[in-house]
Amino acid sequence: MKLPQRFIENMKTILGPELDDYLASFDKPGFRGLRVNTSKISMEEFLRISPFRSLKRVPWTPNGFFYTEEDEPTRHPYYYAGLYYIQEPSAMTPASVLPVEEGERVLDLCAAPGGKATELGAKLNHTGLLVANDASASRTKALLKNLEVFGLPNILVTSEMGDRLDRYFHEYFDKVLIDAPCSGEGMFRRQPHMIAAWEKQGPEVFAKMQREILDQAAELLRPGGMMLYSTCTFSQLEDEGSVDVFLTQHPDFHLEDILSCEGFCPGQPALVGSHYPLEKCVRLFPHRIDGEGHFLALLRKDGERAPEAVQIKKRPVKLPAELEDFLQDVSMPVDRARLQIRGTKVFLMPEGVGAYPGLRFLRAGLYMGELLKKRFEPSQAFAMVLKKEEYASTIDLPAMDERVIRYLKGETIEIAEEESTRSDSWQLVCVDGYPLGWGKLIRGTLRNKYFSGWRMNS
């Protein structure tokens, strides 16, 4: 692989005598990672049922694992059940480092395709609010799918620039994550085509963009809140340089310590001539860790959170009879006061989320299903939020049953009488106890209701 000479010189400035070790890492194989969805399954249970025999822990992420190509985790039904997310190991660090607590309001500002957002949502564990934003409207479709596969109900998926979000969410969020667009130097080994892009549009262009994004994010974070800035580049201009400029322009922010791990390197204030303690930042390099590389800076906004305004409790709305009938079979708590019906579609809104006129969004809340000709048809997203025991009629098949793959491909399958808790009704179809989607059982034949856009390819 031919690297640009200017890039090599920059890396020599950063790494000094370690440059040769870094360049040698390009000849080593890459590393594959999966991150367990702890809002669906515990680590202990995942290890108990995991069919992957080559798993090895990622040291810096408590729910991360390395896997080998032979495992093929994206072909396993557990992937479709949302039990894990495929993610490059070093890219797991930002969402792992940001200390999200249940009940908080969290923003992933540059969220697509969802690797960080899914982990932030899992940490919230169906509480609080996750706003997953990406300026690219086309990229939010993949983002929404990943959030729904993970079974996250408390979401608002938006497509706005940060300054537009500030009109609705000024100093609103407890935590903000910015995995910023960058020149992608940490991706050169995995994606060599990034080198040509770097030569055309290098660190200077991205540094300007990153500093604008950081300024916007500062307005969205509440006093006392925390913000995680990260990139997958090694450029001092984009990394320490952007943090230095931000701290100079925002004296109400300061750097927080990040728990270190073997192979992590501190930031280098000398690279940009800074007087701020940039050594609190973290750099990951592929010759030091089993990953491609990343940069992290954890920032806190000074001050304390203002008292919350008293929320007026909404009264439950009268629901259509067909929706109430369906909900009789659902034991998951459904706050009727948070249900919204828009046209024929039914949504369960996150606590405290209101109307935002003019906001560009793809999804607000959990899409529960649709009212069609005196019947309610539950959505794929609703199936993924439920636990097996939260619906009255289920079909639970073992992962090795060939009907599971057929179901995921959209085929009709046969079900024996003893395999269902109730016949001639909606069924929550599960694999080893974890929901995959819906089916309609009629006289031993399961009519497949698995969402066509998610089906497994042959």
Side-chain angles (χ1 to χ4, degrees), residues 35 37 39 61 82 84-88 90-100 104-126 128-166 168-169 172-182 184 187 206 209-210 212-221 225-233 294-299 350 353 356 359-367 381 384:
R35 197 193 68 247
N37 180 1
S39 69
T61 303
Y84 50 82
Y85 186 94
I86 304 302
Q87 190 171 31
E88 192 277 313
S90 60
M92 297 178 187
T93 51
S96 179
V97 163
L98 187 62
V100 169
E104 290 187 323
R105 300 187 295 221
V106 180
L107 169 66
D108 188 345
L109 191 54
C110 310
K116 282 82 175 175
T118 48
E119 174 64 2
L120 298 175
K123 285 183 171 185
L124 286 172
N125 195 25
H126 294 202
L129 173 66
L130 172 66
V131 176
N133 178 78
D134 202 275
S136 169
S138 62
R139 284 164 54 86
T140 57
K141 292 180 181 179
L143 169 62
L144 175 60
K145 177 190 173 181
N146 285 323
L147 294 173
E148 289 185 335
V149 170
F150 249 49
L152 305 177
N154 52 326
I155 60 172
L156 178 59
V157 179
T158 61
S159 182
E160 294 284 9
M161 300 300 290
D163 55 348
R164 283 266 307 164
L165 283 177
D166 189 51
Y168 308 94
F169 300 109
Y172 179 83
F173 295 101
D174 300 291
K175 305 285 164 58
V176 175
L177 190 146
I178 309 159
D179 191 47
C182 67
M187 303 300 292
F206 285 98
M209 186 189 310
Q210 290 152 0
E212 290 173 355
I213 293 172
L214 277 163
D215 289 342
Q216 294 164 0
E219 299 300 313
L220 296 164
L221 187 68
M226 298 179 77
M227 182 165 74
L228 193 286
Y229 171 71
S230 68
T231 74
C232 61
T233 194
H294 233 78
F295 173 84
L296 309 166
L298 185 59
L299 298 138
V353 170
Y356 304 108
L359 179 69
R360 291 198 306 170
F361 68 91
L362 185 63
R363 175 74 77 247
L366 167 64
Y367 171 45
M384 302 309 289

Item to check | Note: Lys116-Asp179 ion pair, threshold 4.0 Å (strictly below) | outcome: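 Salt bridge flag = yes for Asp179 with Lys116.
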Sidechain-backbone polar pair: [X] side chain, [Y] backbone, donor-acceptor under 3.5 Å:
X	Y	answer
Glu160	Arg360	yes
Asp174	Arg105	yes
Asn146	Pro113	yes
His126	Gly151	yes

Return the minimal non-hydrogen interatomic distance between [X] and [Y], and the atom names on each side.
X	Y	result
Ala135	Met161	CB-SD, 3.6 Å
Met209	Pro181	SD-CB, 3.8 Å
His294	Thr231	CD2-O, 3.1 Å
Asp108	Ala117	OD2-N, 3.2 Å
Leu165	Thr158	CD2-OG1, 4.0 Å
Ile178	Cys110	CG2-SG, 4.2 Å

Is any side-chain heavy atom of [Y] closer than 4.5 Å to one of [X]?
X	Y	answer
Val131	Phe173	yes
Tyr229	Leu214	yes
Leu298	Met226	yes
Leu359	Leu156	yes
Thr118	Leu147	yes

Next on the checklist: Between Glu148 and Tyr367, do the side chains contain a donor N or O and an acceptor N or O under 3.5 Å apart?
Outcome noted: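 Glu148 and Tyr367 do not have a side-chain donor-acceptor pair below 3.5 Å.
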Checklist entry - When you check the side-chain N and O atoms of Asp134 and Thr140, is any donor under 3.5 Å from an acceptor? => result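 Checked: Asp134/Thr140 side chains show no N/O donor-acceptor pair below 3.5 Å.
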Distance, nearest 0.5 Å, that separates [atom1] of [X] from [atom2] of [Y]:
X	Y	atom1	atom2	answer
Leu143	Arg363	CG	CZ	11.5 Å
Glu119	Leu124	CD	CG	10.0 Å
Leu98	Lys175	CG	NZ	6.0 Å
Phe295	Thr233	CZ	OG1	10.5 Å

Next on the checklist: Is there a side-chain hydrogen bond (donor to acceptor under 3.5 Å, both in side chains) between Arg35 and Ser96? Walk through the geometry before answering.
Outcome noted: CA-CA 10 Å; Arg35 197 193 68 247; Ser96 179; over 6 Å; no
Next on the checklist: Over 60° means perpendicular and under 30° means parallel, so tell me whether Tyr168 and Tyr356 are parallel, tilted or perpendicular.
Outcome noted: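 It falls in the perpendicular class, over 60°.
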Item to check | side chain to side chain contact (heavy atoms under 4.5 Å, CB included) between Ser159 and Leu362, worked out | outcome: CA-CA 8 Å; Ser159 182; Leu362 185 63; over 6 Å; no
Item to check | salt bridge (charged side-chain N to carboxylate O under 4.0 Å, His left out) partners of Lys123, counting only residues at least two apart | outcome: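 By the salt bridge (charged side-chain N to carboxylate O under 4.0 Å, His left out) rule, Lys123 matches no residue at all.
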